[in-house]
Amino acid sequence: VAAAYRRPVLDEFPFDPWANAAEDLLLARRASAAGYIAAYNPGMVARHHDVSSLRQELRKNVREGRGCGLYARELGVQWPVLAWLGLLSSAVATLLVSVPIGLLMLGGALWLPAARRGLRRRRAMPARHLWAGMAASPAFDLVFLVQYVRGLAGMRRPLPTLQEIPA
């Protein structure tokens with residue numbers, strides 16, 4: 001998300017420290033629900049720095065997973081993530097019954113999200129970067145999944161707006 005907000009919007013919807021990396025999505029949803037309108041500005045330049053190390057990527061997945069889970073009431077439940085959890089659980093259960101079939105299922109399940117993203121981005125980046133990202137992806141996807149489930153377990157209600165807070 002690359003966006004600029006007017007000061008009244010930021011004042012009406014203060015930053016929620018529990019939101020972690022989901023604060024941009026929450027702000028957009030809350031402002032939109034309050035009647036604010038987003039306007040596209042093609043002349044706007046946004047500089048964005050994501051991550052530059054595996055450690056930062058790991059921390060980002062922890063924050064995003066937890067934030068998306070904590071605020072699933074507002075952001076919506078991520079059904080593909082929960083479906084992946086079900087698939088992984090089935091693969092582990094199969095592993096207990098049949099090691100070869102279980103390993104095959106587990107390998108396929110672990111790399112399914114990476115393969116899905118890779119197919120979508122295959123023309124947008126060099127092949128060596130795509131393959132490297134796909135190879136490392138399951139570890140980060142699992143971190144996101146665990147944190148998402150932890151967030152769901154501790155779901156938070158939306159913060160009140162300034163108008164809703166008693167004086």
Side-chain angles (χ1 to χ4, degrees), residues 1-5 16 18-33 38 40-42 44-156 158:
V1 174
Y5 288 93
D16 179 357
W18 284 102
N20 293 314
E23 74 277 358
D24 50 0
L25 296 172
L26 284 171
L27 178 58
R29 290 270 171 101
R30 291 172 179 175
S32 178
Y40 176 68
N41 180 349
M44 185 179 195
V45 175
R47 293 192 184 356
H48 180 74
H49 172 73
D50 195 17
V51 296
S52 58
S53 71
L54 292 176
R55 183 175 182 207
Q56 288 177 345
E57 181 68 26
L58 183 66
R59 290 180 71 205
K60 178 182 121 181
N61 278 274
V62 168
R63 287 190 323 270
E64 288 181 357
R66 181 76 59 87
C68 289
L70 284 170
Y71 290 92
R73 281 191 181 97
E74 287 180 83
L75 299 174
V77 174
Q78 294 192 13
W79 293 109
V81 174
L82 295 179
W84 186 53
L85 174 61
L87 186 62
L88 286 170
S89 300
S90 297
V92 169
T94 303
L95 187 61
L96 297 173
V97 176
S98 171
V99 173
I101 294 172
L103 284 174
L104 187 63
M105 282 180 64
L106 187 59
L110 282 171
W111 269 272
L112 186 64
R116 185 173 154 251
R117 283 190 302 272
L119 282 172
R120 280 196 247 145
R121 297 179 184 154
R122 69 183 179 274
R123 291 187 183 96
M125 63 175 41
R128 70 179 189 282
H129 293 168
L130 185 66
W131 285 107
M134 286 175 61
S137 186
F140 298 106
D141 291 339
L142 284 170
V143 167
F144 181 93
L145 174 67
V146 168
Q147 294 303 319
Y148 183 67
V149 170
R150 284 185 71 192
L152 286 174
M155 261 195 280
R156 301 222 180 270

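The figures here come from the full heavy-atom set of this structure, side chains too, leaving out hydrogens, waters and symmetry mates.
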Of all heavy-atom pairs between [X] and [Y], which one has the smallest distance, and what is that distance?
| X | Y | answer |
| --- | --- | --- |
| Tyr148 | Ala72 | OH-CB, 4.3 Å |
| Met134 | Trp111 | O-NE1, 3.0 Å |
| Leu58 | Phe140 | N-CE2, 3.6 Å |
| Arg29 | Glu74 | NH1-O, 2.9 Å |
| Tyr71 | Arg30 | CE2-NH2, 3.7 Å |

Tell me, please, which residues at least two apart from [X] pass side-chain hydrogen bond (donor to acceptor under 3.5 Å, both in side chains).
| X | answer |
| --- | --- |
| Arg117 | Ser137, Asp141 |
| Glu57 | Asn61 |
| Thr94 | none |

Check side-chain contact (heavy atoms from CB on, under 4.5 Å) between [X] and all other residues, then give those that pass, not counting sequence neighbours.
| X | result |
| --- | --- |
| Leu119 | Arg122 |
| Pro100 | Ser98 |
| Ala28 | Tyr5 |
| Leu103 | Leu95, Val99 |

Name all pairs fulfilling the salt bridge (charged side-chain N to carboxylate O under 4.0 Å, His left out) condition that reach into [range], sequence neighbours left out, sorted by first residue then second.
| range | answer |
| --- | --- |
| residues 102-114 | none |
| residues 95-104 | none |
| residues 88-107 | none |

For Ser52, does its backbone N or O pair with a side-chain atom of Gln56 as donor and acceptor, under 3.5 Å?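 Yes: the side chain of Gln56 pairs with the backbone of Ser52.
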Could you tabulate the donor-acceptor pairs under 3.5 Å formed by side-chain atoms of residues 78-93, not counting sequence neighbours?
unit_1, atom_1, unit_2, atom_2, d
Trp84, NE1, Ala109, O, 2.6
Ser89, OG, Leu85, O, 2.8
Ser90, OG, Gly86, O, 3.0

Quick check for you: to the nearest 0.5 Å, what is the distance between Leu152 atom CG and Arg66 atom CZ?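 Output value for this atom pair is 11.0 Å.
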Rounded to the nearest 0.5 Å, how far apart are OG of Ser53 and NZ of Lys60?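 Interatomic distance, Ser53 OG to Lys60 NZ, rounded to 0.5 Å: 11.5 Å.
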